[in-house]
Every structure is written in C-alpha cells, then in structure tokens.
Amino acid sequence: MSELAARLSAIDAQIADAARRSGRDPAELTRIVVTKFHPSSLVRELHALGVSDVGENRQQELSAKQAELAALELRWHFIGQAQTNKAASIRRSADAVHSVDRERLADALHRAAEDETPLDVLAQINLTDDPGRGGVAPGAVEALVEHILALPSLRLRGVMAVAPLDEEPASAFARLRGIADRVIALAPEASWISAGMTGDFAEAIAAGATHLRIGSAITGPRPERG
Ligand SMILES: *Cc1c(COP(=O)(O)O)cnc(C)c1O
C-alpha cells in the first residue's frame, strides 16, 4: 500500500471511530480531501483510491486542477475566501462553495449562472472575534441566509466554519451547531455542517459535522509555496 493509501485508510478509520463514539453512522459523513498546494497528480492518485470529494481554497488552483482532471468523476469543493470578481471562475469549476460570507458574493455567484443547474453553497460563519477572518458574524447569519434563499440559482446547503486557534474546538463547534439549527429553522434542507480539519475532526463529528475538510493528515505536509 502507498503511504497515501495508508494515511487515507487510517483517517477513515479514525472518522468511523469518532462517529460511532458519538452515536452516529459513519455513512452520514462526507470526507472532503483538501488538496490545496499539491499537484493534480496527487488528486489523480486520490481518485484512484476512491476519493470522490476534494477541496481547494484558491480560485486559480481550483480552476486549473478541475480543468486538467475534468474527465474524472470528482466533486470540487471551494473552501477559501472568495473575491467577488472571481465568482464566475469559481462557479464554473466548483460543485459546492463553502465560503459564502456576504451578500455581494452570493449575488456575484448567482449572476454567474450559465445554465439551470443550481450551485450548492454554504454560509461561512466567523467563530472568532476578528472580522478579518472569513465568515459572516453570527448575528448577521439570518440576513445572509434570507438573501441566499432569494437567489434561485443558488441552493443553500448549510453552514461552514473553521475553529478559532485560541478556543477549544468542542466549544466553538457547539456554537456552530446552534447557528446551524437557526439556519435549518429557516431552510430545513440546509442541513450540512462543514467543519473539522486535521486537528479537530473528532470534535467536529461529536458536534454534528456532516462534511469534514481534511488536508495534511491525508495528503502529508503541504509543499512550500513562495
Ligand atoms: C487547508 C484547509 C483545511 C484543511 O486543513 P488541514 O489542517 O490540512 O486538514 C480545511 N479547511 C479550510 C478552510 C482550509 O483552508
């Protein structure tokens, strides 16, 4: 078995353990492998190992890899901060955009629709006190959600967040869970909770995460990028 295959199966076993410990069925979890900074050859290897969902955080890298690997059956998740002027490129390459954190970005993604297929989007929530981090402030979530729900080419699927560095992930994800419940009250089908990375996926699973975004634990360390 390659090192990549060994890491992938080890993490999948840890995900399944964490799910069972939380009384959850591992089959309800989607494991997204975050491949940012890695070459498309690695995405190809992951696909050969059965990976179906991959995540990227930069538009250019997403677009290049998705174009190169378009023949492979893969779902591409955009998880990075998005500039409004890149919305059309993101929409063309991504199957789901996890990082919709403002109305202008939602509008730009909506305007970029080229056909009838709706784009899956998540509202990114800022769990820190720093407005410079990505995400909508918890107090503004309902307004953003209502705005997205009024845009017919976007399909709101749920919420996404990154745990703050200076807080226990369990308490941050508990807050996220409360916000997710508020979103579900407005949009019952928006039940995805995208949370959990290499360092905190077990806590995210315990708090109800449905979509895990795991990079380095599976891919190995990211190559330096100058
Ligand atoms: C890079 C990244 C991840 C994955 O991080 P790891 O710690 O390598 O698992 C998850 N979510 C977002 C938003 C990221 O940018």
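Treat the numbers as computed from the prediction; the structure is a model and nothing was measured. Order of listing sets the numbers, starting from 1, for every ligand and every atom in it. As a basis for the values below, the full set of heavy atoms in this structure was taken, side chains included, without hydrogen atoms, waters or symmetry mates.
When heavy-atom distances to ligand 1 are checked against a 4.0 Å cut-off, Lys36 comes that close only through its side chain, counted from C-beta outward.
Ile79 CD1, 3.5 Å is the protein heavy atom nearest to atom 12 (C) of ligand 1. In terms of protein heavy atoms, atom 11 (N) of ligand 1 is closest to Arg213 NE, 2.9 Å. Considering only non-hydrogen protein atoms, atom 6 (P) of ligand 1 sits nearest to Thr198 OG1, 3.4 Å. At the shortest separation from atom 5 (O) of ligand 1 among protein heavy atoms lies Met197 CE, 3.5 Å.
Taking 4.5 Å as the limit, every side-chain heavy atom of Arg58 sits out of range of all side-chain heavy atoms of Lys36.
Note that CG of Leu109 and CG of Leu151 are 9.5 Å apart. Values are rounded to the nearest 0.5 Å.
Closest heavy-atom contact between His147 and Ala106: CD2-CB, 4.3 Å.
Inclusion of Gly215 in the set of residues having an N or O under 3.5 Å from an N or O of ligand 1 is warranted.
Tested against Ser63, the residues Gln60, Gln66, Gln59 include a single side chain to side chain donor-acceptor pair (under 3.5 Å) partner, Gln59. Considering Arg213, His211, Gln124 as possible partners of Ser194, the one that fulfils the side chain to side chain donor-acceptor pair (under 3.5 Å) test is Arg213.
Taking a 4.0 Å cut-off on heavy atoms, His98 fails to register as neighbouring ligand 1.
Using a 4.0 Å cut-off to heavy atoms of Ile214, the atoms of ligand 1 that qualify are 9 (O).
Under a 4.0 Å N-O distance rule, the pair Asp17/Arg20 qualifies as a salt bridge.
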